[in-house]
Student: 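Dropping a structure here in structure tokens format, bear with me for questions.
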There are 2 protein chains.
Amino acid sequence: MAWILDDSRPIYLQIEDLIKTKIISGVYQPGQKLPSVRDLAAEAAVNPNTMQKALTELERSGLVYTQRTSGRFITEDTAKMTELKEQIAREQLQLFLKNMEQLGLSRDDIRRLLETAWKEES
Amino acid sequence: MAWILDDSRPIYLQIEDLIKTKIISGVYQPGQKLPSVRDLAAEAAVNPNTMQKALTELERSGLVYTQRTSGRFITEDTAKMTELKEQIAREQLQLFLKNMEQLGLSRDDIRRLLETAWKEES
DNA sequence: ATTATTGTACTACTTGATTGATACAATAAT
DNA sequence: ATTATTGTATCAATCAAGTAGTACAATAAT
């Protein structure tokens, strides 16, 4: 794992994003055991509490779960994982649409913007 | 003006958004003079410095400008205003697309999500 | 010239977030 | 039974953001 951290945002949030991406993209497989808090912390050169916080946040989202003294694992509930992804997507979408509406853009404007952006990027 | 503020986000950001919306939606017309910092602050039941901060931020974006001792005015440069709107829109769009990509959604997925959301909402 | 009104600068206080050091608790491994 | 490893709780230190109080500076209005 890369552990490229900057000071633009809280470290624990950056870590959370990094791990979340690994999970969603399948680098971490369902059921897989994560390294211990201390090991992860050492690997990322970060205080164990900071790593702990990132993991706790991840847990709130349901992507990982804990077994008290044996460690943390990626959830095996792939259905839940999918549902979670969709929920996040919907939320992001709503936020986006709200912002666009506030700027006074119509649906056609948005469609046009999207296609233009995609055309430019390849 | 409503001045409905909560404590979920910094007050000055909420104020900034409120005013920005009024400007973009045309409630505040180009060239129009804004009430003084103190008056706005009183109206919003907020410390003058807080209002000042919101207005300074708005100024950074170019939506308002200051004449040292006569007050603040909405910019008359409607072209600039339009350009600004488009820039904000593009930024929002890029952010949105990045998030969607991180979730592993394809372009078709995004198109589908959009149309679905719009269909549902009316 | 004087006064009132404008934006601004400066400083301090408060609060919350972030990070860190350390100790605890539970249990798997031996 | 003992030990090592796991996550967790607690407390403190630090830091930055936000807000507020007050005084200053410039100039339009009189």
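Here the structure is a predicted model, which is why all the values come from computation and not from measurement. Computed from heavy atoms alone, side chains included, the values below leave out hydrogens, waters and symmetry copies. Quick note on labels: first sequence line is chain A, next is B, and so on, each numbered from 1.
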Student: I'd like to know if the side chain of A:D109 pairs up with that of A:S106 as donor and acceptor (distance under 3.5 Å, no hydrogens or angles considered).
Tutor: yes

Student: Between B:I24 and B:L84, is there a side-chain heavy-atom distance shorter than 4.5 Å?
Tutor: no

Student: A:R72 has an atom CZ; how far is it from atom P of D:dT5, in whole Å?
Tutor: 18 Å

Student: Which letter, B, S or -, goes with each nucleotide of nucleotides 12-21 of chain C from 5' to 3', with contact meaning a protein heavy atom under 4.0 Å?
Tutor: ------SSBB

Student: Honestly curious: do A:W118 and A:M100 fall in one hydrophobic cluster under the side-chain, below-4.5 Å linking rule?
Tutor: yes

Student: With rounding to the nearest 0.5 Å, note down the distance linking CD1 in A:I15 to CD in A:Q52.
Tutor: 11.5 Å

Student: Determine, for B:Y12 and B:K53, whether the Lys NZ or Arg CZ falls below 6.0 Å from the six-membered ring centre while staying within 45 degrees of the axis.
Tutor: yes

Student: Would B:T75 and B:D77 count as a side-chain hydrogen bond (donor to acceptor under 3.5 Å, both in side chains) if you check the C-alpha gap in whole Å, the side-chain angles of each, and the deciding distance to 0.1 Å?
Tutor: CA-CA 5 Å; B:T75 182; B:D77 189 344; 5.4 Å; no

Student: Rounded to the nearest angstrom, tell me the gap between atom CG in B:L5 and atom P in D:dG18.
Tutor: 15 Å

Student: Please report, rounded to the nearest Å, how far the P atom of D:dT19 is from the CG atom of B:L55.
Tutor: 14 Å

Student: Charged N to carboxylate O below 4.0 Å: is that the case for B:E101 and B:K98?
Tutor: no

Student: Between protein and nucleic acid, restricted to nucleotides 24-30 of chain C and to nitrogen or oxygen atoms under 3.5 Å apart, what atom pairs and distances do you find?
Tutor:
unit_1, atom_1, unit_2, atom_2, d
C:dT27, O4', A:T69, OG1, 2.8

Student: Can you confirm whether the side chains of B:Q87 and B:E83 place a donor and an acceptor under 3.5 Å from each other?
Tutor: no

Student: Using whole Å, what does the distance between atom P of nucleotide C:dC10 and atom CD of B:Q52 come to?
Tutor: 13 Å

Student: Indicate whether any N or O donor in one side chain lies under 3.5 Å from an N or O acceptor in the other, for B:Y65 and B:E76.
Tutor: yes

Student: If pairs are Watson-Crick or G-U with both distances under 3.5 Å, what is the dot-bracket string of DNA chain D, marking crossing pairs with [ ] and pairs to another strand with |?
Tutor: ||||||||||||||||||||||||||||||

Student: Same cluster or not: are A:F73 and A:I19 linked, directly or through other Ile, Leu, Val, Met, Phe, Trp or Tyr residues, by side-chain heavy atoms under 4.5 angstrom apart?
Tutor: no

Student: Rounded to whole Å, please give me the gap between CD in B:E57 and C1' in D:dA17.
Tutor: 12 Å

Student: Please determine whether the number of non-hydrogen atoms from other residues, nucleotides or ligands lying under 6.0 Å from atom CG of B:D108 exceeds 12.
Tutor: yes

Student: Let me know the distance between OH of A:Y65 and P of D:dT6, rounded to the nearest Å.
Tutor: 16 Å

Student: Taking atom P of D:dG7 as reference, at what distance in whole Å does atom CD of A:E59 sit?
Tutor: 10 Å

Student: Whole Å only: how far is the CG atom of B:L34 from the C1' atom of C:dT6?
Tutor: 13 Å

